[in-house]
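Convention: sequence-line order gives letters A, B, ...; per-chain numbering from 1.
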Amino acid sequence: MPLGRVRTALSANVELARLSRELVTIVQDVPGVTLDLASCRLREYDREAAASLLEELGMPSLVTRLPTSTATESPLAPDRPSAAPSLMVTSPADLASLVAVLQERGSFTVGVAADGPARKGHLVGLALATGADQSWYCPIASGASDDAQGAPWEEWEPLRQLLATATVGKSSYQLKETILALRGAGVDLEGEGFDCVLAAYLADSRSRTPTLAALSREWEGPPAPDREAYLGKGIATRQPSSLTTEEARDLFGGEAACAAAIRGNLERRLAELGAEGLLRDLELPVLEILADMEALGVRLDAEQLRAISATLTVQIAELEVEMFRLAGRAFSPGSTSQLAALLYDELGLKSSRRTKTGRSTDAQALESLREEHPIVPLLLEWRQVTKLKSTYVDALPELVDGDDGRVHTNFNQAVAATGRLSSSDPNLQNIPIRTELGRRIRASFIPGRNDWVLVSADYSQIELRVLAHLSGDQRLATAFAKGDDVHADTAAQVFAVSQDQVSAEQRRMAKVVNFGILYGLSSYGLSRDLGIGTDVAEDFIRRYFATYDGVQGYLESVREEARRQGYVSTILGRRRYLTDINSSNRQVREASERMAINMPIQGSAADIMKLGMIRTAQALRASGSAARMLLQVHDELVFETPPEEVESLAELAAEGMAAAIELVVPLVVDLKSGPNWRDLSPLRRAVA
DNA sequence: TGTATCACG
DNA sequence: ACGTACGTGATACAT
């Protein structure tokens, strides 16, 4: 058994502390090697022996990832390239030969030196690289300032053309930001792309947008330049334009060299995982769409929000006056410690839940005290109103770009462990909708032109459909195939009544159960959410699994797979590693089991949405439509369009999304349109 | 900087 | 006898 031999060879020389079992998994599941071995307090081990065994096992690329020494102190292993890469400052006079070299290479790595954020940044220089020891820095004289460094942008025209040449591939540490920065300078980056962060994310989704330095350490590149050493941090941060050309060369040229150097190792790892297609055909096309969405932004009615803010200020003040009167004194309602003291000590209310540090005052705890004291409902209202005011009503208008009157979010593609996108600065994926005040905030998202409309397309019940597909459960699949109300179907089964006898309350409870399944439910969690006893909750779960026995079998098989492989996968083969799945700590292990259950469901839904985005964007391009994709909110896409194109957009989005993938159950997309993100009227429902 | 809370899917 | 739902990001407060 070759694996046994590897284990023996390694553990004979390594102090592993009860890790021999995991080590087998690690060797099977290549990415953990560096990380996990490194965390095992290596004393010494026989690198030669391990390397030859890995060769024998047909995993030669792993050899480069074996820890190179027993050293715990130096980040620089002896056989790692430690000399500074040879960096050149280039001038337009050298351009012809440089362009020829890069063209001949077929692809190269690009880094951008710019003052300010990617989208609005002012270009200071470009770094190009083809490997650890070959990089160039092109200083660009700013048109706006009288800075004498570098040549004016016009003189770099051959470079602009090279960047726009589709037959030459372009690689970057963060390609989306590079695209946006270059677009701001009038450059259309073309050519097959590669992104180090995305590649590392597909190799291991725990990586969460690592720094270039971390990437280069993990993927055996040269040490990355220390950004802070050049540009400082915090309020002392300097702009790249304040660097000398030599400093900029060392920083940006060194970064590009680093990114270029690790590409081969990342590609080899993706090839081993069979994930090249995920990068090339899924994530990189999505990256381009996200760049367009970020650059375009979404229009916000800031005046509307400012008007709402003024009324909320009054409302909050009134609530505070009344709460202080009821408390008999003033206090800070935003301070959980003051609040706990007031409610549980002074007013004698019974605390129900605990936090790590004390007695909880969260909405659920307060809700259970609603009838106990008149101050409680006021507090709940104060919480809600201040939350919405500070997070959305007051924050969003400040983020409207003066140039276009629109808000530009960042869509993060390498953050969520499941493969979902996230949105930040501002987060436009958590705009309120559940309360009336929340919906007023949502109504301030409007089309870019007054005569245009918003169109929303959302997958109906996508995660439950994915569950039906992955589990092959007959009953669940049949319910979707027939177009039944699945929560009502669940209620009918769990409560043993006929479908038309299901009460609204029974359906609500069944819906909670269905969501619980997606999260890896427990009777405790279910009882807490439904406000029922754990015995009743257990009974619900028993009846659920008796009905949906395919789901039960599937959930157990996922747990087993996770234990055996150390990872779980989505429908497209995206992985999530779960290092704690075999933990001896029950709590830790069960947390991993819930992640194991949820990830293939949430992650497959994310995969499908990404396919839907690509297909829809492609169809919009091909049709010459004026409509534009604005936002993605996990199962929903939001567009803006001239009204005469609403129908064709709805058709394209419906087809693009519903036919993104073929499951054993139909995919259903609901389309709506309207003057803002709140007031959307149904257009049609697409089934595929 | 960490904790609690709460906005969304 | 335990004692938690999955995935995110922003804000206010306490330290």
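- Between C/dA5 and B/dT3, the distance separating the two P atoms is 16 Å to the nearest Å.
- A/Ile601 comes within contact range of no nucleotide atom at all, as no heavy-atom separation falls under 4.0 Å.
- Counting to the nearest Å, the P atom of B/dA7 and the CD atom of A/Gln429 are 17 Å from each other.
- Taking side-chain N and O atoms only, A/Arg383 has a distance below 4.0 Å to OP1 or OP2 of B/dC6.
- Salt-bridge annotation for A/Asp580 and A/Arg589: absent, with no side-chain N of the basic residue lying under 4.0 Å from a carboxylate O of the acidic one.
- Residue A/Asn430 places none of its side-chain N or O atoms closer than 4.0 Å to OP1 or OP2 of C/dG7.
- Counting non-hydrogen atoms under 4.0 angstrom, A/Ala417 reaches the backbone sugars and phosphates but no base.
- Between A/Phe495 and A/Phe540, the ring planes are perpendicular. Angles over 60° get that label, and only those under 30° would be called parallel.
- In this structure, A/Asn427 reaches the sugar-phosphate backbone alone: every heavy-atom distance under 4.0 Å involves primed, P, OP1 or OP2 atoms, never a base.
- Between A/Arg208 and C/dG9, a side-chain N or O to OP1/OP2 separation shorter than 4.0 Å is present.
- Note on A/Glu463: nothing from the nucleic acid sits closer than 4.0 angstrom, heavy atoms only.
- The side chain of A/Gln602 approaches C/dC6 more closely than any other nucleotide in the set C/dC6, B/dC6, C/dG9.
- Residue A/Arg434 has a polar side-chain atom (N or O) positioned under 4.0 Å from OP1 or OP2 of B/dC8.
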Look for any protein N or O under 3.5 Å of an N or O in nucleotides 12-15 of chain C and output each such pair with its distance, or none.
from, atom 1, to, atom 2, distance (Å)
C/dA14, OP1, A/Ser335, OG, 2.5

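- Taking only side-chain nitrogens and oxygens, A/Thr391 never comes nearer than 4.0 Å to OP1 or OP2 of B/dA7.
- Stacking annotation: A/Tyr392 is not stacked on the base of B/dA7 (requires ring centroids less than 5.5 angstrom apart and an interplanar angle below 30 degrees).
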**Item:** Worked verdict on A/Lys610 versus A/Leu421 for side-chain contact (heavy atoms from CB on, under 4.5 Å)
**Value:** CA-CA 9 Å; A/Lys610 286 177 175 176; A/Leu421 302 180; 3.9 Å; yes
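- Each of A/Met595 and A/Ser523 was assigned the nucleotide of DNA chain C with the nearest heavy atom; the assignment lying further toward the 5' end belongs to A/Ser523.
- Nucleotides B/dT5 and C/dT4 have their P atoms positioned 14 Å apart, rounded to a whole Å.
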**Prompt:** Tell me, what's DNA chain C's dot-bracket, Watson-Crick or G-U with both distances under 3.5 Å, | for other-strand, [ ] crossing?
**Reply:** .....|||||||||.
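- Considering only side-chain N and O atoms, A/Arg420 lies nowhere under 4.0 angstrom from the phosphate OP1 or OP2 of C/dG7.
- Set against C/dA10, B/dT5, B/dG9, the side chain of A/Asp635 has B/dG9 as its closest nucleotide.
- Nucleic acid contact class of A/Ile431 (heavy atoms, under 4.0 Å, all strands): sugar-phosphate only.
- With distances taken from any side-chain atom of A/Ile433 to the nucleotides C/dG9, B/dC8, C/dC6, the minimum falls on B/dC8.
- Note on A/Thr418: every side-chain N or O is 4.0 Å or more away from OP1 and OP2 of C/dT8.
- Atom-to-atom, CD1 of A/Ile462 to P of C/dG7 comes out at 18 Å; the value is rounded to the nearest Å.
- In this structure, A/Val512 reaches the bases: a heavy-atom distance under 4.0 Å links it to at least one base atom across the strands shown.
- Base engagement by A/Arg586 is indicated by at least one non-hydrogen atom pair under 4.0 Å involving a base atom.
- With 3.5 Å as the limit, one finds no donor-acceptor pair spanning the side chains of A/Arg359 and A/Tyr344.
- Between the side chain of A/Arg528 and the base of C/dG3, no donor-acceptor pair of N or O atoms lies under 3.5 Å.
- Residue A/Ala395 is in sugar-phosphate contact alone, with no base atom involved, counting any heavy-atom pair closer than 4.0 Å across all strands shown.
- Across B/dC6 and C/dG3, the matching P atoms stand 23 Å from one another, rounded to whole Å.
- Residue A/Glu371 places its CD atom among 12 or fewer non-hydrogen atoms of other residues, nucleotides or ligands, all under 6.0 Å distant.
- Taking the six-membered ring for Trp and the full ring otherwise, the centers of A/Tyr548 and A/Tyr544 sit less than 6.0 Å from each other.
- Contact annotation for A/Arg576: backbone-only contact, meaning every heavy-atom pair under 4.0 Å involves sugar-phosphate atoms and none involves a base.
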